[in-house]
Amino acid sequence: MVRLQNYVLDAWQEGTAPFRPLVDPATEEPVAETSTRGLDFAAVLEHARTVGGPTLRAMTFAERGALLKAMSKALYAKREELIRVAQRNGGNTRGDAKFDVDGATGTLSYYAYLGKSLGDAKHLVEEDPVKLAQGARFCGTHVAVPRRGAAVHVNAFNFPAWGTFEKAACALLAGMPVVTKPATSTSWLTYEMTKVLVEAEVLPAGTFQLIAGSAGDLLDHLGGQDVLAFTGSADTGALLRGGDGPVKASTRVNVEADSLNAMVVGPDVQHDDDLWRTAVRSVAKEMTQKTGQKCTAIRRVFVPSALVASFAEDLGAELDRLVVGNPADSTVTMGPLTTASQLRDYREGVRKLAAQATLAYGSPVEVSPVGAPEGKGYYAAPIVLTVDDARAATDVHDHEVFGPVVTLLAYDGSADDAVDLVALGGGSLVTTVLSDDRAFLKAAGLGIAAWNGRVLLLDTKVADQATPHGMVLPQLVHGGPGRAGGGEELGAERGLGFYLQRTALQGNRGLLEKLFR
Ligand code: NAP
């Protein structure tokens, strides 16, 4: 059993008892324990502000990019060990673990490249100052400089690697030091990754600190130059937004919360044509990858009324190939849920949705996991529900079951109906629309854009080359309106904006153009 340590003030510090156990969700065996008791959280933030911040601000974008490159390389060198930890503590199959770990190194590497392309600058200035008076000289522009506080990151349990380092990549490149807090239940992987970075001696002092467990009173010390980026449930997001820092000191907050993501099968898609098969395979993958514990997973599929039954049948056939069980067995293709409380929520959630829907595939209480000790592990079966009256099934648009569960809902095949139904989710991270009808793609795509952070438009020509619905890419923004938290992360240079103060500069054009570049 590993006892996790916190990496604070450039040293490893063990919390004091009691220690919280972390388990292997496939067997319920304890694998690690952690505590953050006794940490001086105010000092952690101050260390970031006074030591890490000045160091990063003295570096150019290219130098910060080189730091990210070194982090990515050091982590990649330990990829196999990290994948094993993800499997033990997250209940991940090897494929799921790779998705998380490679997502971390890939995003660091992408932002390293961006840093290189931003070159020797230490801040960003907009091109072409605008004329503000009669004469040509007096102009205005905008400069974006690193905020002088700490970037505090609070992450969800499902992506202890990617979640940590996609946020860190943007903050460090922008010039802000990071204090990162993974969810306690899966903090072992983040701890091991931090250990790799410390041992590789790539982290300048004060630039990266790890709170391996509970946040204690960390968030009570947030000030007006700090930022808080949160990923997790909508309820926790709302609680953190209401803290003293955000409310009284205007600490900048970004929230990535839960979301009822969707797929719309266009009216021209025929049973068993290319787009149909793409749709079926994609839903099966999205609902079972990471056992459905993915913020971007498809929860609602809108299918023209006449085709709902065939879609359920074909999806069921695809899910029949799944092997649920202990990821230690290499034949297993879907592992357990990550915690006992996730399993409870899944069972209650399926019961809730099934009260307004028809159970078309699977049972929330019957599952025979391969390679699991008798009666142990947090295993869940894949579930498909169907609904005829999409508007009446209010819980399906409102309750996120964070597991391998999807609901197929009938719609009338028009773009207007699809848009209205997607909107019932109250704001999502991503929706996929499949069609070869350009007018439908345009109307549905533009209509649902207001309700989504990302829209994946698939016609037959790109369906076989497209990145998966659930894959978050550093080039594009991640985050969604309303229910999804209202946040925005990544999106190449856009991802730095959260960590930079944009300030209007007025003055002599020559001065603005020469001195501030
Ligand atoms: P959660 O229970 O809200 O926890 C998220 C994080 O908040 C954890 O690190 C947790 O720490 C921390 N936390 C909880 N209460 C806190 C408090 N009072 N003060 C400070 N920190 C606090 O969510 P989860 O169960 O880990 O994650 C699942 C949810 O995240 C799902 O609903 C999913 O949709 C969403 N999610 C969204 C995205 C996205 O990008 N939009 C990505 C992944 C997941 P402890 O673990 O120590 O309690």
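In listed order, ligands and their atoms are each counted from 1. Below, each value reflects all heavy atoms present in this structure, side chains not excepted, and no hydrogens, waters or symmetry copies. Only a predicted model underlies this, so the values are computations on that prediction, with no experimental measurement involved.
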Query raised in the report: Does the side chain of Pro160 come within less than 4.5 Å of Asn155's, by heavy atoms?
Result: no
**Report entry** Proximity to ligand 1 by part of Ala257, non-hydrogen separation under 4.0 Å
**Finding:** backbone
Query raised in the report: Do side-chain atoms of Arg454 reach the backbone of Gly479 as a donor and acceptor pair under 3.5 angstrom?
Result: no
Query raised in the report: Are any non-hydrogen side-chain atoms of Ser282 and Met263 less than 4.5 angstrom apart?
Result: yes
Query raised in the report: Can you check whether Pro182 reaches Leu210 side chain to side chain, under 4.5 Å on heavy atoms?
Result: yes
Requested in this report: For residues Leu319 and Val384, determine if any side-chain heavy atom of one lies less than 4.5 Å from a side-chain heavy atom of the other.
Outcome: yes
Requested in this report: For atom 18 (N) of ligand 1, grab the closest protein heavy atom and report residue, atom and distance to one decimal in Å.
Outcome: Leu239 CD2, 3.4 Å
Query raised in the report: Which residue and non-hydrogen atom of the protein lie closest to atom 11 (O) of ligand 1, and at what distance in Å?
Result: Lys181 NZ, 3.0 Å
Report summary line: Taking only non-hydrogen atoms of Leu219 and a 4.0 Å limit, the atoms of ligand 1 in range are 20 (C)
Report summary line: of all protein heavy atoms, closest to atom 37 (C) of ligand 1 is Cys295 CB, 3.2 Å
Query - Under 3.5 Å donor-acceptor, Asp100 side chain and Trp162 backbone - result: yes
Report summary line: ligand 1 atoms nearer than 4.0 angstrom to some heavy atom of Ala183 are 8 (C), 9 (O), 46 (O)
Query raised in the report: Does Tyr111 reach the side chain of Glu166, with side-chain heavy atoms less than 4.5 Å apart?
Result: no
Query raised in the report: atom 27 (O) of ligand 1: which protein heavy atom is closest, and how many Å away?
Result: Ala156 CB, 3.3 Å
Query - For atom 22 (C) of ligand 1, the protein heavy atom that lies nearest, with its residue and separation - result: Thr236 CG2, 3.9 Å
Requested in this report: Record the part of Phe230 in heavy-atom contact with ligand 1 below 4.0 Å; permitted values are side chain, backbone, both and neither.
Outcome: side chain
Report summary line: Exactly one of Asn254, Thr107, Thr231 clears side chain to side chain donor-acceptor pair (under 3.5 Å) with Lys167, and that residue is Thr231
Requested in this report: May I ask you to list the atoms of ligand 1 that are less than 4.0 angstrom from any heavy atom of Asn158?
Outcome: 43 (C), 44 (C)
Query - Any side-chain heavy-atom pair of Thr394 and His399 under 4.5 Å - result: no
Query raised in the report: So which bit of Ala215 gets within less than 4.0 Å of ligand 1, heavy atoms only: side chain, backbone, both or neither?
Result: side chain
**Report entry** Crowding at CD, Gln465 (>12 non-hydrogen neighbours, <6.0 Å)
**Finding:** yes
**Report entry** contact_flag Phe159 ligand 1 heavy-atom lt 4.0 Å
**Finding:** no
Report summary line: Honestly, for His478 the part within reach of ligand 1 (heavy atoms, under 4.0 Å) is side chain
Query raised in the report: What orientation do Tyr113 and Tyr110 show, parallel under 30°, tilted 30 to 60°, or perpendicular over 60°?
Result: tilted
Query raised in the report: When you measure from atom 5 (C) of ligand 1 to each heavy atom in Thr231, Val152, Val154, which option holds the nearest one?
Result: Thr231
**Report entry** Leu240 near ligand 1 by a heavy-atom separation under 4.0 Å
**Finding:** yes
Query - Side chains of Glu256 and Leu429 in contact at under 4.5 Å (non-hydrogen atoms) - result: yes
Report summary line: atom 23 (O) of ligand 1 sits nearest the protein heavy atom Ser233 N, 3.4 Å
Query raised in the report: What is the nearest protein non-hydrogen atom to atom 6 (C) of ligand 1, stated with its residue, atom name and distance?
Result: Asn155 O, 3.3 Å
Report summary line: Logged contact type for Glu400 with ligand 1, heavy-atom cut-off 4.0 Å, is side chain
**Report entry** For ligand 1, the portion of Thr296 having any non-hydrogen atom under 4.0 Å away
**Finding:** neither
Requested in this report: Could you walk me through whether Glu400 and Ser259 pass the side chain to side chain donor-acceptor pair (under 3.5 Å) test, one step at a time?
Outcome: CA-CA 7 Å; Glu400 181 202 41; Ser259 151; over 6 Å; no
**Report entry** Polar contact flag for Thr184 and ligand 1 (N/O pairs, less than 3.5 Å)
**Finding:** yes
Report task. For ligand 1, indicate whether the residue Pro182 contacts it via side chain, backbone, both or neither (heavy-atom separation under 4.0 Å). Result -> backbone
Query - Residue portion contacting ligand 1 (non-hydrogen atoms closer than 4.0 Å) for Val472 - result: neither
Requested in this report: Starting from atom 35 (C) of ligand 1, find the nearest protein heavy-atom neighbour and note its residue, name and distance.
Outcome: Gly232 O, 3.3 Å
Requested in this report: For ligand 1, indicate whether the residue Leu218 contacts it via side chain, backbone, both or neither (heavy-atom separation under 4.0 Å).
Outcome: neither
Query raised in the report: Going by the angle between their ring planes, with limits at 30° and 60°, are Tyr411 and Phe302 parallel, tilted or perpendicular?
Result: perpendicular
Query raised in the report: Are any of the protein's heavy atoms under 4.0 angstrom from atom 25 (O) of ligand 1, yes or no?
Result: yes
Query raised in the report: Under a 4.5 Å cut-off applied to non-hydrogen side-chain atoms, are Arg49 and Arg148 in contact?
Result: no
